Amino acid sequence: MPSNAERASERVWTALDEFRIELPSWGFSNTGTRFGKFVQAAAATTVEEKFCDAAQVHALTGASPTVALHVLWDLPGGSSDVPAIKALEKQYGVKAGSINPNLFQDQEYKYGSIANPSSDIRQRALTHLLDSVEIGHALGSRDLSLWIADGSNYPGTQSIRNRIGWMEEVLATTHAALNENQRMLVEYKPFEPCFYHTDIADWGMALELARRAGPKAKVLVDTGHHYQGTNIEQIVAWLLHLGALGGFHFNDRKYADDDLTLGSIDPYQVFRIFHEILNASPEERTSIAFMIDQSHNLKGKVKAMIQTVVTAQELYAKAALVDRELLAQLQQGCALVEAEECFRTAFWQDVRPIVREWRQARGLPADPLKALAESGYIEKITRERASRNSGAAGSYA
Ligand code: PSV
Ligand code: MN
């Protein structure tokens, strides 16, 4: 009979073997705050460089074989750019992941995209969504990931009700264009860029819109898109219960949508979310898209991405340590302190030695950040890219 420790370690290895987290292409390029941009000499300025950086993260962590693409940032030519992306997939060994339409940056979208009062502008947004479905189909990508930035800034200036109906129409038409292997993920966010009302502000609105669009539409939870104190793991449990959890955009936050490194502020919250996921069946789990949505303004981008993947793996491993059978008994008996201790003991355990062992057994570097530093990759891309990132300040290596 295996001991408790052996069983726990087996659970961790299985969890690490199944854990995959997608990288955001936009996490490798120069991005900033509303007030300015700190340009980094090593930042990617082409989609090829983004694939190259993502491949480096995957080579060192073994957990990130796909890259999320934002259509207008990565495929400005639309479907005609698909062959170039396929060539990059082959060259770098990482695949295109979720396809993210851009419905937020064009001047036409000042008053909204799919919820804009103008039917011409809604049509323009729909055309972009249908092009994005086509791109996803051509790339064999499963998820069309929608973030709708629509909303208003001043009370009384828009009909909230009319806008619901307009969104329903566009989402239903987009859903009808999906092929049998495609899904639509609907992301929500309470505010920003709009500061009075956002058309898809919370998981209830996202869920209802997804349901009305059709069975291939699911909800996407971005951990940075909640009000302070929201119990995100409860939302996750509900969405799992309803078969409506499509995926995550992981990041951490202290105040709003801060794009801080996953687990840097509240690792216990990520652990609690992963615990809910590990309670789900293996089939349910594999249908959940784990994605990182962080864009670092100050940290070196490749380094920050590796740090994030490693943190995610460690927190997933901790959640796998929970003795779920024992916990269920303790919950049933309302043994409050014992149940909480059973849960917390897993969180407090240092899983780094076990994760290191797993990496070595899988032919990966024991310490991916150290391996990055020793590889010379950052120095190489800094040399190659510096001239295109003129004005870069400081050292981010
Ligand atoms: C919006 O804040 C968001 O979370 C959406 O997922 C976008 O795709 C992403 O950030 C772009 O940075
Ligand atoms: Mn997001």
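For ligands, and for the atoms within them, numbers begin at 1 and follow the listed sequence. If you're wondering where the values come from, they're calculated on a predicted model, not measured in any experiment. Quick note: numbers below take in every heavy atom, side chains included, and nothing from hydrogens, waters or symmetry partners.
Panel note: side chain Gln228, backbone Lys254; a donor-acceptor pair is recorded below 3.5 Å. Side chain of Asp199 to backbone of Gly151: a donor-acceptor contact under 3.5 angstrom is found. In terms of modelled atom types and a separation under 3.5 Å, the side chain of His58 and the main chain of Ser64 share a donor-acceptor contact. One N or O on the side chain of Thr286 and one on the backbone of Glu283 form a donor-acceptor pair closer than 3.5 Å.
For the Mn ion (ligand 2), the nearest N, O or S atom contributed by Glu187 is named OE2. Asp222 contributes OD2 as its N, O or S atom closest to the Mn ion (ligand 2).
Residue His249 approaches ligand 1 through these ligand atoms, each under 4.0 Å from one of its heavy atoms: 6 (O). Near Trp26, with a cut-off below 4.0 Å to any heavy atom, the atoms of ligand 1 are 11 (C), 12 (O). In the vicinity of Asp257, heavy-atom distances shorter than 4.0 Å reach the ligand 1 atoms 2 (O). In the vicinity of Asp222, heavy-atom distances shorter than 4.0 Å reach the ligand 1 atoms 4 (O). Of all the atoms in ligand 1, the ones that sit under 4.0 Å from a non-hydrogen atom of Trp147 are 1 (C), 5 (C), 7 (C).
Angle ND1 (His249) to the Mn ion (ligand 2) to OD2 (Asp293): 90°, rounded to 10°.
Remark: minimum distance from atom 10 (O) of ligand 1 to any protein heavy atom is reached at Asp293 OD2, 3.1 Å.
With Phe343 as the aromatic partner, Arg272 does not meet the cation-pi criteria of under 6.0 angstrom to the ring centre and within 45 degrees of the ring axis.
Side-chain contact, Asp257 with His225: a donor N or O sits under 3.5 Å from an acceptor N or O.
Proximity of Met305 to Ile292: side-chain heavy atoms (C-beta onward) are separated by under 4.5 Å at one or more points.
By heavy-atom distance, the residue among Lys189, His70, Glu187 lying nearest atom 2 (O) of ligand 1 is Lys189.
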Between Thr308 and Gln294, is a side chain to side chain donor-acceptor pair (under 3.5 Å) present by the stated rule, with each step listed? CA-CA 9 Å; Thr308 305; Gln294 290 170 191; 3.0 Å; yes

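Residue contacts with ligand 1, taken as heavy atom pairs separated by less than 4.0 Å, do not involve Thr31 at all.
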